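What you are looking at is a predicted structure, and each value in this text was computed from that prediction instead of being measured.
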Amino acid sequence: AVHDELRPKVENARSVEEARSVMIDMISRLHQSHFAIIPADVYENIEAPVGKGDLGGSTGLELRVIDGKAIVTSVKPGMPAERAGVRPGWEIRAVKGTEIPPLFPPIEKEFEKNPRRDFYLWYAARARFGGAIGDTVTAMFMDGKDRPTEKTMILEEPKGKRVIFGNLPAFYLTFRTDTLRGGIGYFTFSTFFDPVTLMPAFGNAMQSFIQAPGVIIDVRGNPGGIAGLCMGMAGWFVEEKNVTMGTMRTRSDTIKLVINPRARAYRGPVAILVDGLSGSSSEIFAGGVQGLPRVRIFGSRTAGATLPSLAERLPNGDGFQYAFASYISRNGVELEGEGVKPDVEIRPTREALLGGRDPAIEAAVDWIQNQRYKGN
C-alpha cells in the first residue's frame, strides 16, 4: 500500500531532492531507528582533507531542550562558540532569523511518550546551526542575566579524529579522562568508532582508575557505533565469565553478546551517565550492564534506537542505512522504542549550568562516595 501510494510521487519528482524526500517519507513509516537515506553530497570527497565548503561545519556548542527552552549545555574549547563568548546555561532564542521556542510545542505533543522525544527536540534546534565549513551563523541568546545577546560564528570542522566507517557519514572521535572529587575516575567519549584509538584510551583510563574509589563513564550525547566495543569495555568491571550484555536477533540467528573479562578488572562502583541523545551502542552498553551489582545508571531515558545496521550505496550515489537485527538487553527488554531507563533519573537545569554544575555527575559522585570502596 505504501509502495502504491508513493511510487507515483517518485516518478513525478522534478529533482533528486524531491524524489529523496518521498523515499524518506516511505522509510519513516516503519517507525524504526537506523533506517535512513544519506544524500550523495555527504560523500563528496569523503576521503579527502576537510576544507571550506564541506558539509558538517560546527560552532562547537552543545545544547539540550530543558523545560521547553534550548539551553547551551557545553562549549568546546577553541571552537567558534567559545571564542564568541557563548557560555553554558545561555538560552538560544533565534538562529539565522528563525525563532527557536515555537519549534518545540508540536514536537512535545507528537512525541510525548516516545523515548526519542529528547532527540527530536534537540535536532529541531541543532539543525539550525548546521551548514558548510566557512558558513556564517548568527544566533540570538539570552545570557546568564537574561539579557539579549547576539553572536555571529563562522562554522569550522568539528574537533576530534575524523572517522570513516563503511558507507556512514564521517564521525569525530573525542575522549577525555579526568579525576573528580575524592579521586573518582571519569571517562567520556563521543562515539563507539575507531577501536584502534578508542580502546587503548579506555584501557589506559581504566588502568589508571584501578585504585580509585569509583568510576564514572559518561555516554551522554553519544550516538553509538560498533556494538562489539561494548563487551570489551564492560570487561574492565566484570570479573565473572560468561556474563552476557543481552542478545542480538537477526532473521536466522540469535547472537549472545558475551562480556570479555579482564585478568585484572576494576572492582569498585561504576556509574554510567546517559541521556536522550545516548543511542545505539551507548544504549547497548548501559542496558547491557544495568542490574550488575556494582553498576548504576544515572541521567535520563535513552533514545530507544538500538537496531544494529549497515549502509549501502544506491545507484544514484545516495547511501541507504538499514537495520539487520534487534537487540534485547540482559534484563530481557527489547530497547528499540523503549530506551534504557536510568536507576536514578536526573536532568540538567539551566540554573545548574549557569553555576558550572552538572547534576548527573554530582549524583553519581554522591552514590560512589556512599559505597565505601577502598580499592583493589
Side-chain angles (χ1 to χ4, degrees), residues 1-46 53-57 65 70 95-132 135 137 155 164-171 223-224 250-251 276-277 279-280 303-327 334 336-339:
V2 172
H3 173 278
D4 293 345
E5 175 192 350
L6 299 180
R7 180 60 184 257
K9 294 183 179 181
V10 172
E11 293 173 340
N12 295 326
R14 291 167 293 182
S15 66
V16 172
E17 290 76 15
E18 190 175 333
R20 186 185 295 128
S21 70
V22 178
M23 290 184 281
I24 291 172
D25 179 17
M26 176 185 69
I27 61 177
S28 72
R29 308 280 184 96
L30 295 169
H31 301 292
Q32 297 285 313
S33 68
H34 292 79
F35 286 90
I37 293 176
I38 305 162
D41 54 9
V42 171
Y43 294 105
E44 290 183 7
N45 302 316
I46 196 166
D54 288 335
L55 295 176
V65 177
V95 184
K96 300 178 185 176
T98 299
E99 293 290 325
I100 298 301
L103 300 175
F104 303 138
I107 298 173
E108 292 273 10
K109 182 178 179 181
E110 178 71 18
F111 299 101
E112 180 181 4
K113 297 182 180 180
N114 190 313
R116 290 177 208 142
R117 183 196 65 171
D118 286 352
F119 171 81
Y120 293 134
L121 289 169
W122 167 84
Y123 186 77
R126 176 65 183 82
R128 308 291 166 173
F129 286 95
D135 286 355
V137 173
L155 300 182
I164 305 299
F165 184 80
N167 288 306
L168 293 173
F171 291 83
T250 68
R251 285 182 176 179
L277 271 64
S280 191
T306 58
L307 300 179
S309 66
L310 297 171
E312 305 285 350
R313 294 296 292 274
L314 301 177
N316 73 334
D318 283 0
F320 175 47
Q321 182 185 14
Y322 61 94
F324 65 87
S326 64
Y327 167 72
E334 187 167 357
E336 177 70 17
E338 286 292 328

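Closest of all the heavy-atom pairs between P223 and S280 is O-CB, 3.3 Å. Residues S21 and E18 approach most closely at OG-O, 2.7 Å, considering heavy atoms. Nearest heavy-atom pair, I37 versus P39, reported as atom, atom and distance to 0.1 Å: O-CD, 3.6 Å.
Taking 4.0 Å as the cut-off between side-chain N and carboxylate O, R128 and E99 do not count as a salt-bridged pair. Between R20 and D318 there is a salt bridge, with a side-chain nitrogen of the basic residue lying less than 4.0 Å from a carboxylate oxygen of the acidic one.
The structure places CG of N167 at 9.5 Å from CG of L314, a figure rounded to the nearest 0.5 Å. Taken to the nearest 0.5 Å, the CD1 atom of I24 stands 10.5 Å off from the CD atom of E17. Distance OG/S326 to CD/Q32: 9.5 Å, rounded to 0.5 Å. Interatomic distance, M23 CE to K9 NZ, rounded to the nearest 0.5 Å: 13.5 Å. To the nearest 0.5 angstrom, E5 atom CD is 11.5 Å from M26 atom CE.
Taking the side chain as every heavy atom from C-beta outward, I27 and F320 approach each other to under 4.5 Å. Put simply, the side chain of D118 does not reach to within 4.5 Å of the side chain of V65, judged on heavy atoms.
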Exercise for review: Could you check Q321 against L168 for side-chain contact (heavy atoms from CB on, under 4.5 Å), going step by step and ending with a plain yes or no?
Suggested key: CA-CA 8 Å; Q321 182 185 14; L168 293 173; 4.0 Å; yes
Exercise for review: Carefully, step by step, assess L277 and W122 under the rule side-chain contact (heavy atoms from CB on, under 4.5 Å).
Suggested key: CA-CA 8 Å; L277 271 64; W122 167 84; 3.4 Å; yes
Practice item. Start with the C-alpha gap between E334 and E338, add the side-chain angles, then the distance that decides, and say whether side-chain contact (heavy atoms from CB on, under 4.5 Å) holds. Key: CA-CA 7 Å; E334 187 167 357; E338 286 292 328; over 6 Å; no
Return all side-chain donor-acceptor pairs below 3.5 angstrom for residues 102-113, not counting sequence neighbours, or 'none' if the list is empty.
{"unit_1": "E108", "atom_1": "OE1", "unit_2": "R117", "atom_2": "NH1", "d": "3.2"}

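Taking a 6.0 Å sphere around CZ of R29, one finds it holds more than 12 heavy atoms contributed by other residues, nucleotides or ligands.
Side chain of D4 to main chain of A1: no donor-acceptor pair is present (N/O by atom type, distance under 3.5 Å, no hydrogens or angles). Looking at H34, its side chain does come within 3.5 Å of a backbone N or O of L307 through a donor-acceptor pair.
With ring centers used as reference points, F324 lies 6.0 Å or more from Y322.
Under the 3.5 Å distance criterion, with hydrogens and angles disregarded, a donor-acceptor pair is assigned to the side chains of E336 and S33.
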